[in-house]
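Notes to accompany the following structure.
No hydrogens, no waters, no symmetry mates; every other heavy atom, side chains included, goes into these values. Note that the structure is a prediction, hence the values are computed from the model and not measured.
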Amino acid sequence: MATTTIASNNVGNNKMMGMQPLKFSLWLFIVSILMIFASMTSAFIVRKGEGNWIIYNIPTVLWVSTIVIVLSSATMHWALLSAKKDDKKNINLGLIVTILLGVVFTITQYLAWNDLVAQKVFFAFANPGGSFFYVLTGLHAFHLISGIIYLLFTLYSGVNNKISSKNLLQIEMCSTYWHFLDALWVYLFVFLLINH
């Protein structure tokens, strides 16, 4: 009797919190990433204000990167909607296309770094103008690769029929993280366009 009361109290407490614990942990993780990028972009602006700043052209391939990552958000959303409709074929197809677009995005980032090298902009402490570009885009690429790994695990669950309208937690969390990474990139791209 006491055990039943405690169990029912725990369920009530979880509902009172208003969020599933794993989703809450994901949001804490997202907030910590936001704080890192907020501090980096603030440091960028402060350091640029001190002068001795290298001027370079933003690689045009970053426009392609941005289009690709926005498209990947659409395919991720398609996969989530398919899960809500129990459309197993399109769940997996949506996840596969999102993974491929994530890989294409990562390749375009590498091409952007090659473009900077061709402009003789290197990761150098003597002049941090270019270094900030490498750090910001590299840090985002690192998190995007973690997102691709998460997508692969989610795809594995989809292939094994573990995602359905009654079991959405994993794909919802994956979708939230992926959309966050996409929005973060759009912010970084606009920030670099304005401040490079």
Side-chain angles (χ1 to χ4, degrees), residues 1-42 65-66 68-106 109 136-191:
M1 180 83 170
T3 307
T4 306
T5 306
I6 291 169
S8 65
N9 283 341
N10 284 340
V11 171
N13 288 340
N14 283 339
K15 285 182 181 175
M16 283 171 39
M17 287 178 64
M19 187 177 287
Q20 206 279 346
L22 288 174
K23 285 186 179 180
F24 182 72
S25 298
L26 175 64
W27 279 108
L28 283 179
F29 181 59
I30 285 172
V31 168
S32 69
I33 295 171
L34 275 174
M35 290 173 68
I36 290 168
F37 279 94
S39 65
M40 293 289 296
T41 52
S42 296
S65 298
T66 306
V68 166
I69 205 162
V70 169
L71 284 175
S72 76
S73 241
T75 58
M76 183 71 238
H77 188 64
W78 174 42
L80 178 60
L81 290 178
S82 298
K84 290 178 179 179
K85 296 175 186 174
D86 287 319
D87 184 350
K88 296 183 193 298
K89 178 186 169 187
N90 284 330
I91 293 169
N92 297 334
L93 185 57
L95 290 170
I96 289 167
V97 174
T98 305
I99 291 165
L100 291 175
L101 289 170
V103 170
V104 170
F105 176 86
T106 308
Q109 295 295 285
L136 287 170
T137 57
L139 199 54
H140 181 268
F142 170 78
H143 286 98
L144 193 99
I145 290 167
S146 74
I148 292 172
I149 293 167
Y150 195 0
L151 280 164
L152 288 168
F153 279 110
T154 306
L155 177 61
Y156 178 80
S157 295
V159 168
N160 288 295
N161 298 316
K162 293 180 180 175
I163 296 174
S164 69
S165 59
K166 294 179 181 176
N167 190 14
L168 291 171
L169 180 63
Q170 184 177 12
I171 196 166
E172 282 179 341
M173 289 179 60
C174 187
S175 179
T176 298
Y177 186 53
W178 193 258
H179 290 319
F180 162 70
L181 291 173
D182 294 357
L184 179 60
W185 170 255
V186 172
Y187 161 73
L188 287 176
F189 181 53
V190 171
F191 177 84

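Residues L22 and Q170 form no side-chain contact, since every pair of their non-hydrogen atoms from C-beta on lies 4.5 Å or further apart. Taking 4.5 Å as the limit, some side-chain heavy atom of I148 sits within range of a side-chain heavy atom of W178. For the pair S146/Y177, a side-chain contact is recorded, criterion being any heavy-atom separation below 4.5 Å from C-beta on. For the pair M76 and L95, the minimum side-chain heavy-atom distance is below 4.5 Å. The shortest side-chain heavy-atom distance between L93 and T75 does not fall under the 4.5 Å cut-off.
Residue F142 holds its CZ atom at 9.0 Å from CD1 of I33, rounded to the nearest 0.5 Å. Rounding to the nearest 0.5 angstrom, the gap separating the CG atom in L71 from the CG atom in L101 is 6.0 Å. Rounded to the nearest 0.5 Å, atoms OG1 (T106) and CG (L144) are 5.0 Å apart. For the atom pair I91 CD1 and I96 CD1, the distance stands at 11.5 Å (nearest 0.5 Å). Atom CG of residue L152 and atom OG1 of residue T98 lie 11.0 Å apart, to the nearest 0.5 angstrom. Interatomic distance, OG of S164 versus CG of D87, reported as 12.5 Å (0.5 Å rounding).
Remark: side-chain polar atoms of S175 are not paired, donor with acceptor, to backbone N or O of I171 under 3.5 angstrom. When atom types are taken as modelled, the side chain of S72 and the backbone of G102 share no donor-acceptor pair closer than 3.5 angstrom.
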Any chance you could lay out the side chain to side chain contact (heavy atoms under 4.5 Å, CB included) test for K166 and D86, step after step, and finish with the verdict?
CA-CA 9 Å; K166 294 179 181 176; D86 287 319; over 6 Å; no

For the pair T137 and L188, evaluate side chain to side chain contact (heavy atoms under 4.5 Å, CB included) and give the outcome as yes or no after the intermediate values.
CA-CA 8 Å; T137 57; L188 287 176; over 6 Å; no

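Heavy atoms from other residues, nucleotides or ligands lying under 6.0 Å from NE2 of H179 number more than 12.
Between F191 and Y187, the two ring planes are tilted [angle within 30° to 60°]. Ring-plane geometry between H140 and F37 is classed as perpendicular, the angle between the planes exceeding 60 degrees on a 0 to 90 degree scale with a lower cut at 30.
D182 and S73 share a side-chain donor-acceptor pair at under 3.5 Å.
Qualifying side chain to side chain contact (heavy atoms under 4.5 Å, CB included) partners for T176, counting only residues two or more places apart in sequence or in other chains: L26, W27, I30. When the ring pair (Phe, Tyr, Trp, His ring centres under 6.0 Å) test is applied to H143, no partner is found at least two apart in sequence or on another chain.
Taking each heavy atom of G158 and I163 in turn, the nearest pair found is N-CD1, 3.7 Å.
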